[in-house]
Amino acid sequence: MNDLTWMNLAAHEAARGLPYKTFENPRVGAVLVKKNKIIATGYHAEFGKEHAEINAFNHVKDKNQVLGATLYVTLEPCASRGKVGSCAETIKGWGLHRVVIGKKDPNPTNNSKGIKILKAAGLIVDVLNTTEYQLINPAFDFFFNKQLPYVQLKLVTSQNGLVTKIVGEQTKLTDYLADVDVHKERASKSAIMIGSETMLIDHPKLTVRYIDINHRQPMKIVIDRRGRLRDTDFNFSDNWLIYTENINFANQCAYAKLVSDGLKGVLIDLAKQHIQSVMVEGGPSLIYSFLKQNLWQEMLIYTTNKILPEGGLKGISFNQKPQKQLYVGNAVKKIYVNNQGRV
Ligand SMILES: NC(=O)C1=CN([C@@H]2O[C@H](COP(=O)(O)OP(=O)(O)OC[C@H]3O[C@@H](n4cnc5c(N)ncnc54)[C@H](OP(=O)(O)O)[C@@H]3O)[C@@H](O)[C@H]2O)C=CC1
Ligand SMILES: Nc1c(N[C@@H]2O[C@H](COP(=O)(O)O)[C@@H](O)[C@H]2O)[nH]c(=O)[nH]c1=O
Ligand SMILES: [Zn+2]
């Protein structure tokens, strides 16, 4: 077994973390190895809980086994104290011989700093930088590399490509199991975004409620260029943010924010508020705008088994081949990846 094989095992561990549980944290895996044998494995399972390296160490019954061992970890151990304390500072007390790292942490609070701590403690540190575990945290990587939120578009259609039965109304298309999947997607995002027309017609909740979560609810964002929400009686609270170009609305509503440079300006502003990822849940007009301006990284289309009469609101036409497709409840979920819009 060589470094790459052990690191692949650590990457498999990382993939045991579920994005709807790790939330804004990266999925990370770790393997402790001594004399070509595994001592323990671990992964980061939940936002705010122990990191992968610590979990691996906690799985070792006789801690003497760790003396002189090698730690394989997919991401550079954190340097900052964060929510659980610095892993690099903890690791240096274990008596390891060597630490092998999949890639450096793109988060500037940790970048190269974890490696520095380990090296200063006399450990041998190697960074492999191979590609297979670069793709495991697309939103985390995109946010820290581009200083913009990762944009995931999502639309639900009938089998014949419509998003509503009647223009100007809402139509529920997904069944319970598909909703659970949608809510897992929501739970992994910092924010959910919709267009003003969807807000006015659907009055959506935009919460995660089909699954339990132990982290915060995503922020709710409405794009309301003209300020059509100005004279409505929506009960906005701190978790809502409305981007508008209507100065009167922005002055009058505590939750409305003036933005003048379009969707890109919105994304830049969200990044400043540490919004790492956004799920744009429609409607089709807003989704088209993100596609046209190439401001997206991933798109989910759930095509349900329902057939709606012609005359309803049309979804989008999109010719790219999906990277993946799977069945969830009454829908086929197609996942599209924008190769020109990634890191
Ligand atoms: N099946 C599904 O998955 C979904 C269905 N729906 C349904 O879709 C319908 C609403 O969808 P739709 O009519 O497409 O409207 P949207 O919800 O997409 O809202 C449209 C508004 O968004 C704003 N907007 C769009 N593009 C831009 C841009 N480039 N820059 C700034 N603002 C922009 C505009 O505001 P302004 O006019 O002020 O400029 C526009 O009027 C509803 O019936 C709803 O029930 C909605 C979501 C999902
Ligand atoms: N119609 C439709 C969806 N529509 C999207 O979900 C929003 C409703 O969110 P909420 O109020 O939290 O349930 C709605 O405004 C629109 O953005 N989503 C789906 O998963 N399945 C569906 O059939
Ligand atoms: Zn850590």
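Remember, it's 1-based here, ligands and their atoms both numbered in the order they're listed. Every heavy atom of this structure was used, including side-chain atoms; hydrogens, water molecules and symmetry mates were not. Since we're looking at a predicted model, the values are computed, not measured.
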Notebook entry, point to check: Strictly under 4.0 Å, does any heavy atom of M199 approach an atom of ligand 2?
Noted result: no
Check: What do we get for V156 next to ligand 2 when only non-hydrogen atoms under 4.0 Å count, side chain, backbone, both or neither?
Finding: side chain
Notebook entry, point to check: What is the closest protein heavy atom to atom 4 (N) of ligand 2, and at what distance does it sit?
Noted result: K154 NZ, 4.3 Å
Margin query: With a 4.0 Å cut-off on N to O distance, would you call R228 and E197 a salt bridge?
Written below: yes
Notebook entry, point to check: With the threshold set at 4.0 Å, does a side-chain nitrogen-carboxylate oxygen contact exist between D179 and K172?
Noted result: yes
Notebook entry, point to check: Any idea which atoms of ligand 1 are less than 4.0 Å away from a heavy-atom of T164?
Noted result: 7 (C), 43 (O), 45 (O)
Item checked: Closest protein heavy atom (residue, atom, distance) for atom 44 (C) of ligand 1 -> D202 OD1, 3.4 Å
Item checked: Where ligand 1 meets G195 - atom numbers and elements under 4.0 angstrom, heavy-atom basis -> 16 (P), 17 (O), 19 (O), 22 (O)
Next item on the list: Take the Zn ion (ligand 3) as the vertex and measure to SG of C87 and ND1 of H51; round to 10°.
Entry: 110°
Margin query: Could you identify the single nearest non-hydrogen protein atom to atom 4 (C) of ligand 1 and state the distance to 0.1 Å?
Written below: L155 CD1, 4.2 Å
Check: Of all the atoms in ligand 1, which lie at a distance below 4.0 Å from a heavy atom belonging to L313?
Finding: 8 (O), 9 (C), 11 (O)
Item checked: Residues K333 and E185 bridged, charged N to O under 4.0 Å -> yes
Check: Near K172, which atoms of ligand 2 are under 4.0 Å from a heavy atom of that residue?
Finding: 21 (N), 23 (O)
Next item on the list: Tell me which protein heavy atom sits closest to atom 33 (C) of ligand 1, plus the residue, atom name and distance to 0.1 Å.
Entry: R225 NH2, 3.6 Å
Next item on the list: Flag the pair F234 / H203 as yes when their ring centroid distance falls below 6.0 Å, and as no otherwise.
Entry: yes
Notebook entry, point to check: Quick one: which ligand 1 atoms are inside 4.0 Å of a heavy atom on Q293?
Noted result: 29 (N)
Notebook entry, point to check: Out of N330, L206, V208, whose heavy atom is nearest to atom 12 (O) of ligand 2?
Noted result: L206
Notebook entry, point to check: Which residue and non-hydrogen atom of the protein lie closest to atom 18 (O) of ligand 1, and at what distance in Å?
Noted result: L286 N, 3.0 Å
Next item on the list: State whether the number of non-hydrogen atoms from other residues, nucleotides or ligands found under 6.0 Å of K34 atom NZ is greater than 12.
Entry: yes
Checklist line | Interfacing atoms of ligand 2 (cut-off 4.0 Å, heavy-atom, V182) | finding: 20 (O)
Check: For atom 21 (C) of ligand 1, what is the nearest protein heavy atom, given as residue, atom name and distance?
Finding: S196 OG, 3.5 Å
Check: Tell me, which protein residue and heavy-atom name are nearest atom 15 (O) of ligand 1, and how many Å apart are they?
Finding: E197 CB, 3.1 Å
Margin query: With a heavy-atom distance limit of 4.0 Å, tell me whether R186 approaches ligand 2 through its side chain, its backbone, both, or neither.
Written below: side chain
Checklist line | Enumerated ligand 1 atoms positioned under 4.0 Å from heavy atoms of E281 | finding: 47 (C), 48 (C)
Check: Considering only heavy atoms, does T174 approach ligand 2 within less than 4.0 Å through its side chain, its backbone, both, or neither?
Finding: both
Notebook entry, point to check: Looking at I201, which atoms of ligand 1 are within less than 4.0 Å of one of its heavy atoms?
Noted result: 42 (C), 43 (O)
Item checked: Sole candidate of I192, L270, I242 that passes side chain to side chain contact (heavy atoms under 4.5 Å, CB included) when paired with I221 -> L270
Next item on the list: Can you sort out which atoms of ligand 1 are near E169, meaning under 4.0 Å from one of its heavy atoms?
Entry: 43 (O), 45 (O)
Check: When you measure from atom 14 (C) of ligand 2 to every protein heavy atom, which one gives the shortest distance, and what is it?
Finding: D202 OD2, 3.2 Å
Checklist line | Nearest neighbour in protein (non-hydrogen) for atom 17 (O) of ligand 2 | finding: E281 O, 3.0 Å
Check: Can you list the ligand 2 atoms lying under 4.0 Å from a non-hydrogen atom of L173?
Finding: 22 (C), 23 (O)
Margin query: Please list, in number order, the atoms of ligand 2 under 4.0 Å from a heavy atom of T171.
Written below: 1 (N), 23 (O)
Notebook entry, point to check: Got the closest protein heavy atom to atom 11 (O) of ligand 2, with its distance?
Noted result: K205 N, 2.8 Å
Margin query: For atom 20 (C) of ligand 1, what's the nearest protein heavy-atom neighbour? Residue, atom name and distance, please.
Written below: S285 OG, 3.6 Å
Item checked: Closest protein heavy atom (residue, atom, distance) for atom 8 (C) of ligand 2 -> P204 CB, 3.7 Å
Notebook entry, point to check: Just which atoms of ligand 2 are under 4.0 Å from any heavy atom in T198?
Noted result: 15 (O), 17 (O)
Notebook entry, point to check: Taking heavy atoms and a distance under 4.0 Å, where does V167 meet ligand 1: side chain, backbone, both or neither?
Noted result: neither
Check: Does I194 reach ligand 1, in the sense of a heavy atom lying below 4.0 Å from it?
Finding: no
Notebook entry, point to check: At a non-hydrogen distance cut-off of under 4.0 Å, which region of H203 contacts ligand 2 (side chain, backbone, both, or neither)?
Noted result: neither
Notebook entry, point to check: At what distance is the nearest protein heavy atom to atom 10 (P) of ligand 2, and which residue and atom is it?
Noted result: R209 NH2, 3.4 Å
Item checked: Taking atom 1 (N) of ligand 1 as the reference point, the nearest protein heavy atom with its distance -> V156 O, 2.8 Å
Note to self: Side-chain heavy atoms nearer than 4.5 Å, only ILVMFWY residues, links allowed to pass through others: does that put Y243 and V222 together?
What the structure shows: no
